[in-house]
Amino acid sequence: MTSPRHVLLVEDESAIAELIRTALDAAGLRVTACPGVQTAGRALGQAGKDRIDLAILDLTLPDGPPDPLARRLDDAGIPVIAISGDPDRLTAFPVAYRLEKPFRIRALMELVTTALPG
């Protein structure tokens, strides 16, 4: 049996995080949700052999900018979907996949399907 794909969700707004988590769960994906950069960094370090296949990363987090975390994810070969309500920050962020808040869950799920490897 193949284990479900694993998504690291980094979003500090609980209502948005819960909405995204629900959609990802419904798609059969396993989600590790983190409210900030520090918890996401720890989750990434603890993943070990339980590989993270994709990260969804809010660009405005309470404990600092997510840039070092994004570089770490990129170095590990993990695709990142950046989400933000700041269009200028979003455009300048160095990732292949971006989605401006507010967004439709369908648009996010289409990006998830595109970004997931294999």
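In the hydrophobic clustering of ILVMFWY residues, with side-chain heavy atoms under 4.5 Å counting as a link, L24 and L57 come out apart. Transitive grouping of hydrophobic side chains (ILVMFWY, heavy atoms separated by less than 4.5 Å) keeps V37 and I20 in distinct clusters. Follow the hydrophobic side-chain contacts under 4.5 Å out from I52 and you never reach L54; the two are in separate clusters. Note on L90 and L9: separate hydrophobic clusters, where clusters join Ile, Leu, Val, Met, Phe, Trp and Tyr whose side-chain heavy atoms are under 4.5 Å apart, directly or indirectly. Hydrophobic cluster membership differs between L8 and V31, with clusters built from Ile, Leu, Val, Met, Phe, Trp and Tyr side chains linked at under 4.5 angstrom.
G28 approaches P4 most closely through the heavy-atom pair O-CB, 3.2 Å. Residue A55 comes nearest to I78 through the heavy atom pair N-CG2, 3.9 Å, listed as atom of the first residue, atom of the second, then distance. P35 and P62 get closest at one heavy-atom pair: O-CD, 3.8 Å. Nearest heavy atoms, P65 versus P68: O-CD, 3.6 Å. For the residue pair A115 and P79, the shortest heavy atom distance occurs at O-CG, 3.3 Å. When all heavy atoms of D58 and P66 are compared, the pair lying nearest together is O-CG, 3.8 Å.
Contact annotation: the side chain of L111 never approaches that of F103 to less than 4.5 Å [non-hydrogen atoms, C-beta and beyond]. In this structure, the side chains of L69 and V10 come closer than 4.5 Å at one or more pairs of heavy atoms. Residues Y97 and V112 form no side-chain contact, since every pair of their non-hydrogen atoms from C-beta on lies 4.5 Å or further apart. At least one side-chain heavy atom of L116 sits less than 4.5 Å from a side-chain heavy atom of L29. Contact check for L59 versus D86: no side-chain heavy atoms found under the 4.5 Å cut-off. Within the 4.5 Å cutoff, side-chain heavy atoms of I16 are placed close to those of K101.
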When you look at D74 and V80, which way does the side-chain contact (heavy atoms from CB on, under 4.5 Å) test go after all the steps? CA-CA 8 Å; D74 185 57; V80 174; over 6 Å; no
Evaluate the side-chain contact (heavy atoms from CB on, under 4.5 Å) criterion for residues L108 and I81: first the C-alpha distance (whole Å), next the side-chain angles of each, then the deciding distance (0.1 Å), finally the verdict. CA-CA 9 Å; L108 175 65; I81 297 173; 4.3 Å; yes
Should R72 and D67 be marked as a salt bridge (charged side-chain N to carboxylate O under 4.0 Å, His left out) after you check the CA-CA gap, both sets of side-chain angles, and the distance that decides it? CA-CA 9 Å; R72 191 170 160 200; D67 303 66; over 6 Å; no
If you apply the rule side-chain contact (heavy atoms from CB on, under 4.5 Å), what do you find for M109 with R106, and how did you get there? CA-CA 5 Å; M109 295 310 293; R106 179 182 297 239; 5.8 Å; no
L73 and V95: CA distance, side-chain angles, deciding distance, side-chain contact (heavy atoms from CB on, under 4.5 Å) verdict: CA-CA 10 Å; L73 290 162; V95 296; over 6 Å; no
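Between the side chain of T91 and the backbone N or O of D88 there is no donor-acceptor pair closer than 3.5 Å. Listed for the D63 side chain is no donor-acceptor partner under 3.5 Å among the backbone atoms of G36. For the pair E11 (side chain) and E13 (backbone), a donor-acceptor distance under 3.5 Å is present. The backbone N or O of H6 lies less than 3.5 Å from no partner atom in the side chain of R51, so there is not a single donor-acceptor pair.
Here the straight-line distance linking atom CZ of R42 with atom SG of C34 works out to 8.5 Å at 0.5 Å rounding. With values rounded to the nearest 0.5 angstrom, D25 atom CG is found 6.0 Å from R21 atom CZ.
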